[in-house]
Amino acid sequence: MLLKSGVGYGVRNYWEVTKPKIWYLLVFTALASAVIASRISGVDADIATWILLLASVTAGSAGANTVSSYIDRDIDALMERTKHRPIPSKRIDAKHALYYGLILIAIAMVTAGMINPYALMLMAFGIFDYVVVYSKLLKRRSSVNIVLGGFSGGVPALIGYVSITLAYIEVGIMLALLVFLWIPMHIWSLALRLREDYSRANVPMLPVVTSTSTSTRIIAATTLLMVAFSIGLAYTGYFKYLYLIVAGVSGVIVTAMSIQLLLRPDEDKAWRLFKFSSPYLTVLFIAMMVDVLI
Ligand code: HEM
Ligand SMILES: CC(C)=CCC/C(C)=C/CC/C(C)=C/COP(=O)(O)OP(=O)(O)O
């Protein structure tokens, strides 16, 4: 029975406004990067660092998503995909959501600062890039909004890495870059499937402002670039054969899906590529973690 009033109802709404199904993976990339950092460098962080990392990236992602939901409340009300969210559906007062998001961001900054200055600086950058650069400045103005806004997506992985060590920092940067390169396939396949929705809200996502053939060509090209980079990671000497096999097999699958979308574009193929994108990234990070742990 879905609660329609009372404490449980409020808690559910304040949980939902943070877009938890998104930040689960953001937090996972941060923790996975921290495990990789720990094993590659041999640094054994204390439990407090792990708890602070979990708290800061969860609060930072949840807070940034909540503030972006406040910023996007007008366009969210116009899109089928988002109009039932807590703010447009008036289950949470917009201003209350803003204050809530800002409190979460404050918690993220304090806990990141308790880890080290690098985590704090990266947290500030990641939140600024997503809330200000992407949500406030670019999302409604530029068809390449996710390029500059995409840096934020890779930041949790880098925060996870620097929370443990700066040794072999190139690995942390490569993990963040992998996420960054993954974003175009992730969002542009969704935007292709929901182009009418985005068009109604005047959000110039690339598939809205370009033809289907152009956007599917760009999706296929960015997917190939991401797959090549992911397989290249296997030859850096930090990971072993399991990751190479997983990156190879999953890379072939996601490449085939993007080429199928290019050759015979339709909404189902776009949706399937979008839905495959998150498990794909998850599996890559799991394989890297297992490779450094065994
Ligand atoms: C600028 C960068 C990004 C944009 C514009 C973006 C956009 C989106 C959008 C519009 C959705 C659908 C949300 C919904 O309808 O509930 C979504 C889902 C999701 N995003 Fe992203 N995303 C970005 C980066 C990321 C990053 C970096 C991660 C994690 C590393 C991520 C993880 C997810 C997950 C797990 C979902 C749910 C997927 C599903 O429902 O199967 N996103 N994203
Ligand atoms: C360091 C740190 C914590 C950084 C924050 C990283 C972060 C929250 C990235 C979120 C990326 C994302 C899911 C965007 C959703 O786009 P959208 O707002 O266009 O999606 P929507 O249309 O579903 O609202």
Side-chain angles (χ1 to χ4, degrees), residues 22-61 108 111-126 150-183 186 225-254 277-294:
I22 293 180
W23 57 251
Y24 284 146
L25 187 51
L26 286 159
V27 171
F28 176 72
T29 59
L31 294 176
S33 299
V35 169
I36 293 164
S38 177
R39 296 295 289 187
I40 284 178
S41 66
V43 171
D44 265 338
D46 56 21
I47 187 68
T49 300
W50 289 96
I51 291 169
L52 286 170
L53 172 61
L54 177 62
S56 63
V57 177
T58 302
S61 302
T111 45
M114 289 167 72
I115 296 173
N116 63 45
Y118 307 104
L120 176 58
M121 286 186 292
L122 285 166
M123 183 63 73
F125 169 73
F151 289 113
S152 62
V155 169
L158 196 49
I159 289 175
Y161 196 95
V162 303
S163 293
I164 302 298
T165 181
L166 292 181
Y168 309 100
I169 190 61
E170 67 274 15
V171 177
I173 293 167
M174 288 189 292
L175 295 175
L177 201 47
L178 176 64
V179 178
F180 174 74
L181 292 173
W182 165 84
I183 287 168
H186 165 70
L225 176 65
M226 173 202 60
V227 169
F229 182 83
S230 70
I231 292 172
L233 273 179
Y235 293 94
T236 56
Y238 294 108
F239 306 107
K240 305 183 192 78
Y241 288 107
L242 173 71
Y243 172 70
L244 174 59
I245 294 165
V246 169
V249 171
S250 55
V252 166
I253 294 170
V254 78
S277 66
S278 298
Y280 166 74
L281 187 68
T282 305
V283 157
L284 288 185
F285 272 87
I286 290 173
M288 281 187 273
M289 264 199 299
V290 172
D291 248 2
V292 298
L293 286 170
I294 54 176

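In this structure, CG on L178 lies 10.0 Å from CD1 on I183, to the nearest 0.5 angstrom. Rounding to the nearest 0.5 Å gives a distance of 7.5 Å between CD1 of I231 and OG of S250. Annotation: the span from M123 atom CE to T111 atom OG1 amounts to 6.0 Å, rounded to 0.5 Å. Annotation: the span from L120 atom CG to I115 atom CD1 amounts to 9.5 Å, rounded to 0.5 Å. To the nearest 0.5 Å, atom CG of residue L122 and atom OG of residue S152 are 12.5 Å apart. Annotation: the span from T58 atom OG1 to L53 atom CG amounts to 8.0 Å, rounded to 0.5 Å.
Scanning all heavy atoms of the two residues, the minimum distance from P156 to V57 falls at CB-CG1, 3.9 Å. Contact detail for S56 and A112: the closest heavy-atom pair is CB-N, 3.7 Å. G154 and A176 make their closest contact through O-CB, 3.3 Å (heavy atoms, listed as atom of the first residue, atom of the second, distance). Among all heavy-atom pairs drawn from L26 and G153, the shortest one is CD2-O, 3.9 Å. A119 and V162 get closest at one heavy-atom pair: N-CG2, 4.0 Å.
Take F239 and apply the ring pair (Phe, Tyr, Trp, His ring centres under 6.0 Å) test, not counting sequence neighbours, and it matches Y243. Residues meeting the ring pair (Phe, Tyr, Trp, His ring centres under 6.0 Å) test with Y118, sequence neighbours left out: none. Partners of Y280 by ring pair (Phe, Tyr, Trp, His ring centres under 6.0 Å), not counting sequence neighbours: none found. For W23, the ring pair (Phe, Tyr, Trp, His ring centres under 6.0 Å) test picks out W15, with sequence neighbours left out. By the side-chain hydrogen bond (donor to acceptor under 3.5 Å, both in side chains) test, S230 is found to be paired with no residue, residues two or more places apart in sequence or in another chain being considered.
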Run the side-chain donor-acceptor check on residues 32-41: report pairs under 3.5 Å with partners two or more places apart or on a different chain.
from, atom 1, to, atom 2, distance (Å)
S33, OG, T29, O, 2.8
S33, OG, A157, O, 3.3
S38, OG, V43, O, 2.7
R39, NE, V292, O, 3.1
R39, NH2, L293, O, 3.4
S41, OG, A37, O, 2.6
S41, OG, V43, N, 3.1

Does the pair V254 and M226 meet the rule for a side-chain contact (heavy atoms from CB on, under 4.5 Å), with working shown? CA-CA 10 Å; V254 78; M226 173 202 60; 4.2 Å; yes
Take I173 and Y161 through the test side-chain contact (heavy atoms from CB on, under 4.5 Å) and record every step on the way to the result. CA-CA 9 Å; I173 293 167; Y161 196 95; over 6 Å; no
Can you check side-chain contact (heavy atoms from CB on, under 4.5 Å) on V179 and L175, steps first, answer last? CA-CA 7 Å; V179 178; L175 295 175; over 6 Å; no
Criterion side-chain contact (heavy atoms from CB on, under 4.5 Å) on L233 and M288, from CA distance to verdict: CA-CA 10 Å; L233 273 179; M288 281 187 273; 4.3 Å; yes
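Residues V155 and F180 have side chains not in contact (no heavy-atom distance under 4.5 Å, counting atoms from C-beta outward). Side-chain contact between F285 and L281 is present, with at least one heavy-atom pair separated by less than 4.5 Å. You'll find the side chain of D291 stays beyond 4.5 Å of the side chain of Y238, heavy atoms only.
Y168 OH: 12 or fewer foreign heavy atoms inside a 6.0 Å radius.
The aromatic rings of F125 and F151 are tilted relative to each other, their planes meeting at an angle between 30° and 60°.
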